[in-house]
Amino acid sequence: MDSLLRFLVRLRQIDRRVIAALTLLCLAVPLKVPLPLKMVPLPATKKLKTTIDELPPGKLVVITCDWEAGTKGECEPLTTTVMDYLMRQNRPFAIVSFAQQGAKLGQQVAFKLAAKHQKEYGRDWINWGYKPNYDKTLLAMMTDLPGTIKEDINGTPVAQLTLMQGVRTLKDVGMLYNVAGSGLLDMYIQFCSGDITLAQACTAVMGPERYPYLQSGQIKGLLVGLGGAAQFEQLTEFKDEFGNPRGKGLQRMGSQSLGHLLVMFLIVIGNLAVWAEKRVGAAPPPVAGEEG
Amino acid sequence: MELRTVELLVTLTGALATIAILSVVFKENALYRFFEHLFIGIAAGYGVVVTWNDALGPNWYQPLREGQWYWVFAPLLALLFYSVFFPKYAWLSRFLISVLFGLGAGQVFRGFSTQVFPQVTSSFVPLWPSAAVSWGQVFSNLVFVVTLVSVMAYFFFSFRHGHKAVAGTAQLGRWLLMIAFGAIFGSTVMGRFSLLIDRIQFLLDVPGLLFK
Amino acid sequence: MGDQPQVVTGLFQTWFSEHLFCPLTGVWFWLAVLASILAFCGVLAVLQKLNSAARRRLTVVCTFLAGLFYSLDFFCPERWDPVQGYVQPLGNFLLVLSGFSIGLGIINLVMVHGRRLARGGGGAINSVAFFLGFLGMLVFGLLAQPVEDGATRVSFATGVFEVLFRGLLNSLDATTFALLGFFIVTAAYRAFRIRTVEAGLMTVVAFLVMLGQVPAGQALTAWIPEDHALALLRIENIQNWLLTVPNTAAARGILFGSAVGGFALSLRVWLSLEQGSYFREM
């Protein structure tokens, strides 16, 4: 018993680089050796699919890519899986962004998917680009959409695009799907939720605080983090360009699983070590590798 | 320039940048610092480029070229922002920012009513079973109402929580808040790992991207 | 289209657009631009002559009038809304105005790194990196063209821009945030201590949420059939209940507090009751 306690005390001295290496290993191995795991979709995810399924055919869906490369690991799969489903359902969509990199990152996703589904820019999807001063711009879009957007990213006046026929204000679109890596989601609730069907996807960090809006019906569907993307992929039977039935969300769930188990294990071990320290009566040891 | 060459360079520079930044986990080093500053420079440059291409070009320059002379007022007014660099005129920047604050403040009525009122109405949930409401649902609704009221009591700082009932409710609110914080912590772990997995997958895919 | 409500024209909006804000060409355009610049400079000269108290009064009045704009748009019935027609032009104007404000941050960065470069020394190489990145992206970004669908060649500027954007900016941004993955693991090991009942409760919920979000955790209770009476004990269902019931209520409690606080603060700003350096030093 005493030797076990001393071993636990010694564990507190683990260099943080060892922990980092362990983390790398846990996350990297399942990417190369996929684990046969299945995801169970939650009601929030199912609700988003139902909302999309119930949209009138041909109605424009607006995808706001309010994310930068910093949250690409979560927001890209969240954008990809819904965009892919919209393309499969022949639903036209427009990309717009209030984050500087968002419009171009969203465009990269759309280009890849358009090649897979043989969709044409201008007919099946468009990119309105990046717009600064989000709140006032959003209110302006609610009053006059082509007048605010003016041109798409290729410099074509948006009013001339066939996709924009019948869309005079943001209230004319079928659904607004916000993908955000920042705190812009509240803005859509404040200025759009009464007039437009709203669905949101966000990074996992922001997920828990979005649930009140789902319960109140202000948003009609919610995807949270990579897990949300994986659930939607499972639900909509997503296939990548090679016919592989796993998108980035599902592919990465093995790594995510091991990562979560590692954190739980470390929390338990860390607390056991502190407990052992008290039992043995040892002073807290100096921690190596903390100089960086 | 061949697109294939561009893709190759994108992969190579991407791998180098990723490794340079990740190297800080091992030790703070000069390569990390260099790429960190490069990041700030490129991000700043991209900010200017995308603002011109997607906002100022179509919404300011194009209308001005079409004869809408009044758009000249936009950069003139924006000059007031820059008066912050000249102490004698700096009050003009504060004046402009104050007016913009005022505009933002005016939106609060719309924002508050659209965001908060549905939250209030949807907090009224059935607490008695019926044909449409099961006992299980009633239990959840009870937990919901108790949590909401006690959390609000916990955050009520306008008077001292002297009365036992108020103090007890606030203490219960503190406990129930831990459930929300636990959920946030659990989700945060997921979020942070997702970002790291993305980079690890990119590095693992580099050989395939280079030699495909 | 016919069933869509028309945007109500703002007060004097038609007169303004027909008589004042109408496009001009040739020499008339340049005369109007010149006159605007002169008029603007004249107004600034007059404003600069004001004493501190007058400047403060002017700021208070203009801030209040600005706040009145969106308030009127919200409170007035749609048919009699005097400002609805101006919402889009104002939004457009503010979009452009904020676009022009981007130089503020850039000037600051250039000043900091310019000074460090001039001083030389150890950190100068980092400032060189800043200027390389900034100028490279600025030049090639402005010269770059959108990559056509199915293209096999692009211009040199477009190629360099793609390398800078996708190769460097995306990777650097994504990896900088990815470092948080390492930090959260180290923090979980070194700092997550269960010393109180509250901390214990938080840990249990965190574990349940972590397990419920991933297939490995969901697999733990996958043996319970989805339509069984005990299905509510499946880990994803427990997680969903935690998120949709106690978490939703707690998050809503926090939201009520922050929303009321935000509302009060906005009113204080609108009425210039907020006493910060913005409103004192004029």
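Chain naming here is simple, since letters A, B, ... match the order of the sequence lines and numbering starts at 1 in each. None of these values were measured; they are calculated from a predicted model. No hydrogens, no waters, no symmetry mates; every other heavy atom, side chains included, goes into these values.
Contacts between C:Phe207 and chain A at a heavy-atom distance below 4.5 Å involve backbone atoms as well as side-chain atoms. For chain C, no part of A:Gln190 is nearby; none of its heavy atoms comes within less than 4.5 Å. In this structure, chain A has no heavy atom under 4.5 Å from any part of C:Ile254. The contact between A:Val40 and chain C is made by backbone and side chain atoms together, counting heavy-atom distances below 4.5 Å. Heavy-atom distances place no part of C:Leu90 under 4.5 Å from chain A, backbone and side chain included. Residue A:Thr71: no heavy atom, backbone or side chain, is found under 4.5 Å from chain C. Both the backbone and the side chain of C:Gln213 come within contact range of chain A, with heavy atoms under 4.5 Å apart. The contact between A:Leu42 and chain C is made entirely by side chain atoms (from C-beta outward), counting heavy-atom distances below 4.5 Å. For a residue to count as touching a neighbouring chain, one of its non-hydrogen atoms must lie under 4.5 Å from one of that chain's; by this rule A:Thr148 touches chain C with backbone and side chain alike. For A:Leu11, the parts lying under 4.5 angstrom from a heavy atom of chain C are both the backbone and the side chain. Interface remark: C:Gln145 contributes no atoms to any contact with chain A (heavy atom separation under 4.5 Å). Residue A:Gln108 touches chain C through its side chain alone, counting heavy-atom pairs closer than 4.5 Å.
Between chain C and the residues A:Tyr213, A:Tyr121, A:Phe265, the most heavy-atom pairs under 4.5 angstrom are made by A:Tyr213. Counting heavy-atom pairs under 4.5 Å between each of A:Val224, A:Leu105, A:Leu35, A:Leu214 and chain C puts A:Leu105 at the top. Each of A:Glu120, A:Arg210, A:Glu68, A:Gln101 has some count of heavy-atom pairs under 4.5 Å with chain C, and the biggest count is that of A:Gln101. Here A:Pro43 is the residue among A:Pro43, A:Ala230, A:Ala44, A:Gly227 with the most heavy-atom pairs under 4.5 Å with chain C.
For A:Trp125 and A:Phe111, the distance between ring centers is under 6.0 angstrom.
Inter-residue side-chain proximity for C:Thr221 and C:Leu233 is flagged as unmet; no heavy-atom pair is nearer than 4.5 Å.
Taking the charged nitrogens against the carboxylate oxygens, A:Glu277 and A:Arg12 do have a contact shorter than 4.0 Å, which makes a salt bridge.
Under the 6.0 Å distance and 45° angle rule, A:Lys104 counts as a cation-pi partner of C:Phe165.
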